[in-house]
Amino acid sequence: MADVNKLVFSILKFLEDQKRSGQLDDEAAESLEVAIQCLEQVYKVNTSEAEFVQKYAVQRNLLDIFNAQIAEAESDLASLSLHEATPEQKGEAERLKNKGNEYMKSEKFSDALESYSQAIRLDPKNAVYFCNRAAAYSKLNKHQVAIEDCNRALSIDTSYSKAYGRMGIAYTAMEQHESAYECYRKALELDPDNQSYQNNLEIAEQKLREAAAQAGYAGGLGNLGALGNAMGGMDFSTLFRDPNIVNMAASMMSNPQVQQMMTSLVSNQNLEGGGGGGMNSLLQATQQMASQMQQSNPELVQQLREQMRGPNSGNDNPPTDPPNPPAS
């Protein structure tokens, strides 16, 4: 929490400097003061008290730190296209990479990140350094930046399978399984014997199947509106607000036979004319559907009947108190 409070302290100092600069109108300065008070209240940090100054003040103000980081980042980007490492620089970069690998084994991911970054500054045309830094970013849950480093590695070496593999890991962590699948597929094309890529590809496939099944189930529930129209305007949307009914319906809808009948029923409802084959097929499909529902989930059928009968449908008995709980 100390690092967070240092950041908040620096933000407060920056906001106070902006308020005192005289470049803001009265309304903007008042809004800034509200923001300062909110931050002070939430984080219990005050820039005017000596104990907070001693504890959280840093040597440079936030704007200077920001500008320095921007300049360094722009310098790094420029070096990627301009800098060609000397043999000595390549040797030192390799040493830093190995040092980063040791940090990764010790789970010192921030230190590893810094070592890989130093190696990149010395030798910015080595794909391995970017790929290794991507692994460190992923360990720090900075998955989008990890993907960017993997893309940089691939811009240097288009056949670098490990970059695709690590990019897949980052996409998986972000639950973007379609992108992860494509990355693992490309990694496996480049390295067909890699069992890790194969396993990850299968996991991505499973995630995509689960997503498709869930979407299919949602579509099945959507088709119940058409089924309700076919059965005299029954309001299935109201019925399926009951979580018990939803759970049982989910189990029933996963049955391939039921899914086939549902498709047939909805299709037949759209037939024109209403006579002969159209209505007969609709009636047969409805009867089959009801029979299957009764066999698969009699509890669901009973609850549906009770919902359709309503609260005043032939049962005049008052509700009874539940029995006493058994002694523990």
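From a predicted model like this one, the values you see are computed outputs, not experimental measurements.
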Colleague: Taking the side chain as everything from C-beta on, heavy atoms only, tell me whether Asn46 gets closer than 4.5 Å to Glu40.
Modeller: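 In contact.
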Colleague: Answer with yes or no whether the side chains of Asn199 and Gln195 bring together a donor and an acceptor at under 3.5 Å.
Modeller: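 On atom types as modelled, these side chains qualify, holding a pair under 3.5 Å.
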Colleague: So, Arg166 versus Ser138: side-chain donor-acceptor pair below 3.5 Å or not?
Modeller: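 Result is no, nothing qualifies.
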Colleague: Please report the closest heavy-atom contact between Ala85 and Asp123, naming both atoms and the distance.
Modeller: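 Scanning both residues, the minimum pair turns out to be CB-OD1, 3.7 Å.
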Colleague: Do the side chains of Leu201 and Tyr164 join up, straight or via other hydrophobic residues, at under 4.5 Å, putting them in one cluster?
Modeller: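 No; Tyr164 is not reachable from Leu201 via cluster members.
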Colleague: Salt bridge (charged side-chain N to carboxylate O under 4.0 Å, His left out) for Glu189 and Lys186? Distances and angles first, verdict last.
Modeller: CA-CA 5 Å; Glu189 285 180 359; Lys186 291 175 181 176; over 6 Å; no
Colleague: Please name the pair of heavy atoms, one in Phe9 and one in Thr47, separated by the smallest distance, quoted to 0.1 Å.
Modeller: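 In terms of heavy atoms, the two residues are closest at CE1-CA, 3.6 Å.
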Colleague: Heavy atoms, side chains only, cut-off 4.5 Å: are Thr172 and Ile203 in contact?
Modeller: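 The answer is no, as the side chains (C-beta and beyond) never meet within the 4.5 Å cut-off.
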Colleague: Counting only heavy atoms not in Lys162 (residues, nucleotides, ligands), do more than 12 fall under 6.0 Å from its NZ?
Modeller: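 No, the 6.0 Å shell around NZ holds no more than 12 heavy atoms from other groups.
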Colleague: Taking atom CD of Glu49 as the centre, report whether more than 12 heavy atoms of other residues, nucleotides or ligands fall under 6.0 Å from it.
Modeller: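 It does: Glu49 CD has more than 12 such atoms within range.
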Colleague: Is it possible for you to say whether Val34 and Val8 belong to one hydrophobic cluster, with membership spreading through side-chain heavy-atom contacts below 4.5 Å?
Modeller: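 No, no single cluster joins them.
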Colleague: Is it the case that one hydrophobic cluster holds both Leu208 and Met167, taking links as side-chain heavy atoms less than 4.5 Å apart, direct or via other members?
Modeller: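 As far as the 4.5 Å side-chain criterion goes, Met167 and Leu208 are not connected within one cluster.
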Colleague: Determine, step by step, whether Tyr184 and Glu205 satisfy the side chain to side chain donor-acceptor pair (under 3.5 Å) criterion, reporting the C-alpha distance in whole Å, the side-chain angles of both residues, the deciding distance to 0.1 Å, and the verdict.
Modeller: CA-CA 10 Å; Tyr184 295 137; Glu205 287 177 330; over 6 Å; no
Colleague: Within a strict 4.5 Å, meaning less than it, do heavy atoms of the Asn194 and Ser161 side chains meet?
Modeller: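 Answer no - side chains too far apart.
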Colleague: Should Val128 and Tyr116 be regarded as members of a common hydrophobic cluster, given that ILVMFWY residues are connected when their side-chain heavy atoms come within less than 4.5 Å of each other, either directly or indirectly?
Modeller: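 No, separate clusters.
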Colleague: Heavy-atom count around Gln37 CD within 6.0 Å, excluding the residue itself: above 12?
Modeller: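 Yes, the 6.0 Å shell around CD holds more than 12 heavy atoms from other groups.
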Colleague: Just wondering, are more than 12 heavy atoms of other shown residues or ligands nearer than 6.0 Å to CD in Glu30?
Modeller: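 No - once you tally the heavy atoms of other residues, nucleotides and ligands closer than 6.0 Å, there are 12 at most.
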Colleague: Is there a side-chain contact between Asn132 and Tyr137, using heavy atoms and a 4.5 Å cut-off?
Modeller: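 Counting from C-beta outward, Asn132 and Tyr137 never come under 4.5 Å.
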Colleague: Taking atom types as modelled, find out whether Ser10 and Tyr56 have a side-chain donor-acceptor pair closer than 3.5 angstrom.
Modeller: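 The answer is no; no qualifying pair exists.
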Colleague: Backbone N or O of Glu94 within a donor-acceptor pair of the Asn98 side chain at under 3.5 Å?
Modeller: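 Checking the backbone N and O of Glu94 against the side chain of Asn98, a donor-acceptor pair under 3.5 Å is found.
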Colleague: Assess the residue pair Leu39 and Ile11 against the criterion (side-chain contact (heavy atoms from CB on, under 4.5 Å)); give the C-alpha distance rounded to whole Å, side-chain angles, the decisive distance to 0.1 Å, and a yes or no.
Modeller: CA-CA 9 Å; Leu39 285 171; Ile11 292 172; 4.0 Å; yes
Colleague: Are any of the side-chain heavy atoms of Cys150 and Phe130 separated by less than 4.5 Å?
Modeller: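 The answer is no; the side chains never approach within 4.5 Å.
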Colleague: For residues Asn126 and Ile156, determine if any side-chain heavy atom of one lies less than 4.5 Å from a side-chain heavy atom of the other.
Modeller: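 Heavy-atom side-chain distance check fails, nothing below 4.5 Å.
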Colleague: Salt bridge or not between Glu114 and Arg121? Use side-chain N to carboxylate O under 4.0 Å.
Modeller: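 The answer is yes: the pair qualifies as a salt bridge.
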Colleague: Do Tyr160 and Asp191 have a side chain donor and acceptor closer than 3.5 Å?
Modeller: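 Distance-only check fails for Tyr160 and Asp191.
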Colleague: Is it true that Arg133 and Asp149 have a side-chain N and a carboxylate O under 4.0 angstrom from each other?
Modeller: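 So Arg133 pairs with Asp149 through a salt bridge.
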Colleague: One pair to check against salt bridge (charged side-chain N to carboxylate O under 4.0 Å, His left out): Glu102 and Lys105. What are the steps and the verdict?
Modeller: CA-CA 5 Å; Glu102 291 300 319; Lys105 293 176 183 177; 3.7 Å; yes
Colleague: Report yes if some heavy atom in the side chain of Tyr171 is under 4.5 Å from a heavy atom in the side chain of His177; otherwise report no.
Modeller: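 No, every pair of side-chain atoms sits at 4.5 Å or beyond.
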Colleague: Would you please say whether a donor-acceptor pair under 3.5 Å links the side chains of Glu202 and Gln206?
Modeller: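 Glu202 vs Gln206: no donor-acceptor pair found between side chains.
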Colleague: Measure the CD1-OG distance between Ile120 and Ser115 for me, rounded to the nearest 0.5 Å.
Modeller: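 Here the interatomic distance stands at 11.0 Å.
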